[in-house]
Amino acid sequence: MNRYEPREIEGKWQRLWADEGTWEVPNPGADGFDPEKPKAYVLEMLPYPSGEPHVGHLKCYSVGDAIAHFRRRNGFEVIHPMGYDSFGLPAENNAIKTGEPPRVATERSIDSFRRQFTEWGVSIDWNREIATHTPEYYRWTQWIFLQLFHRGLAYRTRAPVQWCPNDATVLANEQVVDGRCERCGTEVETRNLRQWFFRTTEYADQLLADFEKLDSWPEHVITMQKNWIGRSEGAEVVFRCEEAGLDFPVFTTRPDTLFGATFFVIAPEHPELEKLVAGTGAEEAVREYVNEVARATVQERGDEGRPKTGVPLGRTVANPVNGEEIPMFVADYVLMDYGTGAVMAVPGHDERDFAFARAFDLPVRRVIGPAADEGPGDEGPGGEGPGGEDSEGELPYTGDGPMVNSGRFDGLDNREAYDQIVAWLDREGRGEASVNYRLRDWLVSRQRYWGAPIPIIYCDRCGTVPVPEDQLPVELPEIGDYAPRGQSPLEAAPDWVNTSCPECGGEARRETDTMDTFVDSSWYFLRYLDPDNDQEAFSRESADHWMAVDQYIGGVEHAILHLLYARFFTKALADMGFLGVSEPFSNLFTQGMITRDGAKMTKSRGNTVSPAEYVARHGADAARTYVCFMGPPERGGDWTDEGVEGVHRFLSRLWRAADEIAGSGDTGSGPADSTALADGAGGDTRELLAKAHWAIEKATGDFNRGFQFNTVIAAVMELVNEIYRVKDGLLEDATGREALRFATTTAASLIQPFAPHLAAEVYERLTGDRVWEVPWPEADPAMLRSDTVKIVVQVNGKVRDRIEVAEGAAEEEILAAARSAANVTRHLEGSEVVKEILVPGKLVNLVARPA
RNA sequence: GCCCGGAUGGCGGAAUGGUAGACGCUGCGGCCUUAAAAGCCGCUGUCCCCAUCGGGGGCGUGCGGGUUCGAAUCCCGCUCCGGGCACCA
């Protein structure tokens with residue numbers, strides 16, 4: 001008998017697939033393109049090539065490849081490309097340390113990734129491979145930047161931005177977590193710099209509304225994005241400071257509490273602050289406070305539990321609803337980059353305003369009573385009933401109720417008052433309904449070397465001039481020193497920086513910042529569709545055919561950043577007429593993280609798993625199948641060596657069964673016909689065939705039901721166990737051998753999405769056919785039925801016996817058999833049956849009561 | 001604090017109103033072998049009872065209640081663990 005040698009088998013099939021270009025698919029208009037064939041775009045998130053792929057990659061591409069194979073065998077033309085997110089900080093930081101150019105290290109990593117993906121046997125159309133650091137790619141990243149610029153969606157402005165002192169660059173809001181740099185964990189600082197932004201806020205509403213257009217995204221990812229966009233409805237209300245001659249609009253979600261405003265707060269960065277305090281005598285104290293706030297880290301300022309601080313300004317503003325003059329303060333709990341940078345403070349109905357009022361001993365006024373229907377039957381502590389002093393209720397009160405202390409609105413339900421007050425403000429020209437978002441514009445400038453240069457030139461005469469499209473790409477120059485010094489390392493390449501103005505031809509300077517690498521990965525799925533096009537980023541025709549991505553697979557850690565940016569790009573490109581779809585990813589699958597010894601794998605813990613090592617030891621098929629078998633793929637799992645070995649053992653059993661059957665002499669060729677075989681067959685032959693059809697049914701169902709790969713694989717394991725149970729007996733005769741051949745080829749066929757090499761080998765040996773070209777099997781309903789069914793008999797809900805009855809037996813017949821089952825009669829002794837429940841094909845429950 | 005997940009044998013998990021623990025791992029036993037490895041076969045939630053093969057019963061899906069003939073599954077109230085958000089007016 002031969003041994004299962006995965007490395008030999010895998011190498012053989014990988015060479016064949018590469019030589020034949022098995023996974024390559026043609027674009028519309030190309031040779032072999034079939035317009036009738038439905039397409040499926042299966043895509044895993046673009047990997048960042050660093051060193052070697054880790055188990056997270058193994059899982060992602062194993063899951064994605066299983067889906068790709070399954071779709072192909074269900075009749076789809078599957079586009080399944082691969083590339084590299086090859087700009088980015090790790091390569092650059094390595095360059096700073098070692099002096100080795102980032103390109104060299106990056107391309108070495110890319111080679112390693114490509115080699116391993118090949119060794120894993122992932123079914124990739126390598127003709128479409130891209131890498132974002134190549135001029136052929138970033139030329140079009142720059143081109144898209146220019147399109148956004150022309151449309152007003154890319155702009156440059158001076159703004160307070162978050163600066164990471166360690167990485168020496170600014171960061172997008174999304175890249176700051178708890179006041180720290182998401183990448184390196186350093187506390188970020190606020191700096192006031194001129195930077196490039198993409199106007200993501202322009203699409204805030206559409207980004208929210210279009211969740212409707214998605215077929216299947218995990219609910220929690222949608223929730224996370226909704227929270228991130230943070231839409232709030234409210235009103236903009238103008239408060240006027242007559243002494244300073246200034247108007248201060250505020251945004252509030254609670255215009256119904258307007259009569260409760262007892263003071264007014266503006267942010268320390270508010271542009272009118274200096275003008276406002278001039279001549280009040282508070283200038284010095286305010287300046288000191290503002291400086292103090294500026295020194296604090298973003299994290300310190302963001303701490304919610306911190307006591308409220310602030311400084312009175314010696315000015316008042318008039319409350320538009322009642323003309324009341326209320327004092328103004330500057331305080332850092334008001335943020336400049338949300339709303340208008342100023343708030344009306346209603347301490348009676350807002351926690352934060354309440355805390356500030358306590359600290360500064362300011363009046364607190366109730367303007368909404370507790371809801372009248374606090375619950376009549378509700379036995380609250382000291383429930384005094386409606387006659388009690390309900391205005392003594394706890395403040396701040398953030399619930400609903402009737403209006404009080406609100407002039408002509410008193411007595412109204414506060415929801416109703418909300419609408420009336422907004423309408424009144426509108427009529428008086430003092431305010432209007434308004435919507436605010438938490439989402440900010442996307443800061444894309446980075447003061448780093450290893451990214452796509454921003455294609456802009458600054459000319460003293462002409463101002464900010466976009467690089468003409470025919471001069472793209474603006475190539476990244478070679479430089480000698482990559483160390484960041486608070487400005488882009490590109491400043492150190494004078495030949496490159498100094499250029500001529502495309503408009504007037506005079507002396508001009510290039511923009512030296514590069515783009516955030518999330519820009520590169522916001523459109524790569526479009527470049528795959530037309531990777532060699534040197535006239536366009538992608539042709540409209542190719543995008544119309546292949547988009548949207550039918551199944552996107554990746555880690556949940558990209559739930560906000562990458563997915564939001566890619567959605568923004570898609571919408572902008574669609575609005576500019578380059579695309580016919582406005583959502584890039586119809587279906588999203590987020591795979592769970594693999595841990596080791598219950599902990600996240602990190603180099604410092606020393607608990608990392610090298611996929612290459614396991615592929616070398618047990619084969620790619622075992623490694624791939626194992627990561628899909630660990631548990632439901634959307635959940636995480638703990639890697640164990642025994643687990644991989646178990647899967648290897650299973651594949652090995654399948655291989656040896658096939659080897660034995662193939663070596664047993666006269667077997668048929670081509671696929672075995674199980675229907676013909678089943679005709680008149682009994683005993684083990686019949687049972688084996690039935691098990692094979694059961695496995696087809698189970699595997700197909702679980703595949704379609706949210707990619708439950710663990711149970712798909714378990715079903716095939718059961719089939720293989722059944723093959724072993726009957727194998728020795730059935731090898732005796734031709735019919736038995738044919739049944740075994742059918743069961744074994746079925747097992748190979750069902751395991752093919754996970755273990756494509758082994759499946760190809762087994763299938764070819766037993767049928768002469770290529771399994772990846774064979775349609776996904778279909779279960780024969782006739783084979784799923786059996787002549788008899790086992791029925792569980794319960795007495796009062798407890799299982800007491802099992803009976804076997806003919807399929808389709810009459811109800812009375814089954815109940816009679818149930819009542820007379822040996823162990824049932826014992827439990828019914830001295831009782832009478834008062835109710836009989838029959839679940840067809842499953843169970844009988846006899847409800848008995850003492851007689 | 002708010003919003004999402006999750007909790008089932010020694011372990012990963014299966015079962016989404018109808019036999020709890022499929023499948024895999026671990027462990028134990030048997031066969032094969034001079035021996036070992038590999039392989040093959042069997043057992044493996046827990047406690048108890050009768051017994052020779054075997055058979056029977058109690059308990060059991062984080063905790064407490066409820067609905068139902070029947071609940072891991074549905075409802076109400078908790079506990080713990082994981083993730084996300086958090087001075088966003």
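Keep in mind that this is a model prediction, so the values were computed, not measured. In what follows, chains are A, B, ... by sequence order, proteins preceding strands, each numbered from 1.
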Is the distance between the ring centroids of [X] and [Y] less than 6.0 Å?
| X | Y | result |
| --- | --- | --- |
| A:Y626 | A:Y614 | no |
| A:Y338 | A:Y437 | no |
| A:F263 | A:F360 | no |

Watson-Crick or G-U wobble partner for [N], using a 3.5 Å limit on both distances?
| N | result |
| --- | --- |
| B:G54 | B:C50 |
| B:C80 | B:G6 |
| B:U67 | none |
| B:C59 | B:G45 |

Please check the phosphate of [N] (OP1 and OP2 only) for any side-chain N or O of [X] closer than 4.0 Å.
| X | N | answer |
| --- | --- | --- |
| A:K600 | B:G82 | no |
| A:R653 | B:C41 | yes |
| A:R438 | B:C85 | no |
| A:S232 | B:A89 | yes |
| A:R635 | B:G82 | no |
| A:N710 | B:A14 | yes |
| A:R800 | B:G56 | no |
| A:N721 | B:G24 | yes |
| A:Q708 | B:A15 | yes |
| A:N823 | B:G57 | yes |
| A:H648 | B:G24 | no |

Go through [options] for me and flag the one nearest to the [X] side chain.
| X | options | answer |
| --- | --- | --- |
| A:W228 | B:C85, B:G18, B:C25 | B:C85 |
| A:R802 | B:C23, B:G84, B:U19 | B:U19 |
| A:P632 | B:C23, B:U19, B:A14 | B:A14 |
| A:R826 | B:G18, B:G56, B:C23 | B:G56 |
| A:V792 | B:G24, B:A89, B:U19 | B:U19 |

Worked check of salt bridge (charged side-chain N to carboxylate O under 4.0 Å, His left out) between A:R819 and A:E836: CA-CA 10 Å; A:R819 277 190 300 264; A:E836 294 173 328; 2.2 Å; yes

Expressed in angstrom and rounded to an integer, what is the separation of A:F709 atom CZ from B:A22 atom C1'? 19 Å

Rounded to whole Å, CG of A:L838 lies from P of B:G70 at a distance of 17 Å

Let me know, please, whether A:Y333 or A:H827 comes out on the 5' side of the other along RNA chain B by nearest nucleotide. A:H827

Where each residue is assigned the nucleotide of RNA chain B containing its nearest heavy atom, which of A:T223 and A:I560 is assigned the position nearer the 5′ end? A:T223

Could you give the distance separating B:U68 and B:C75 at their C1' atoms, to the nearest angstrom? 12 Å

Does A:N845 contact B:C69 through a side-chain donor or acceptor facing the base, at a distance under 3.5 Å? yes

Do A:T262 and A:P347 come within less than 4.5 Å of each other through their side chains, counting heavy atoms only? yes

Given the ring of A:F259, does A:R365 sit roughly above its face, with NZ or CZ under 6.0 Å from the centre of the six-membered ring and within 45° of the axis? no

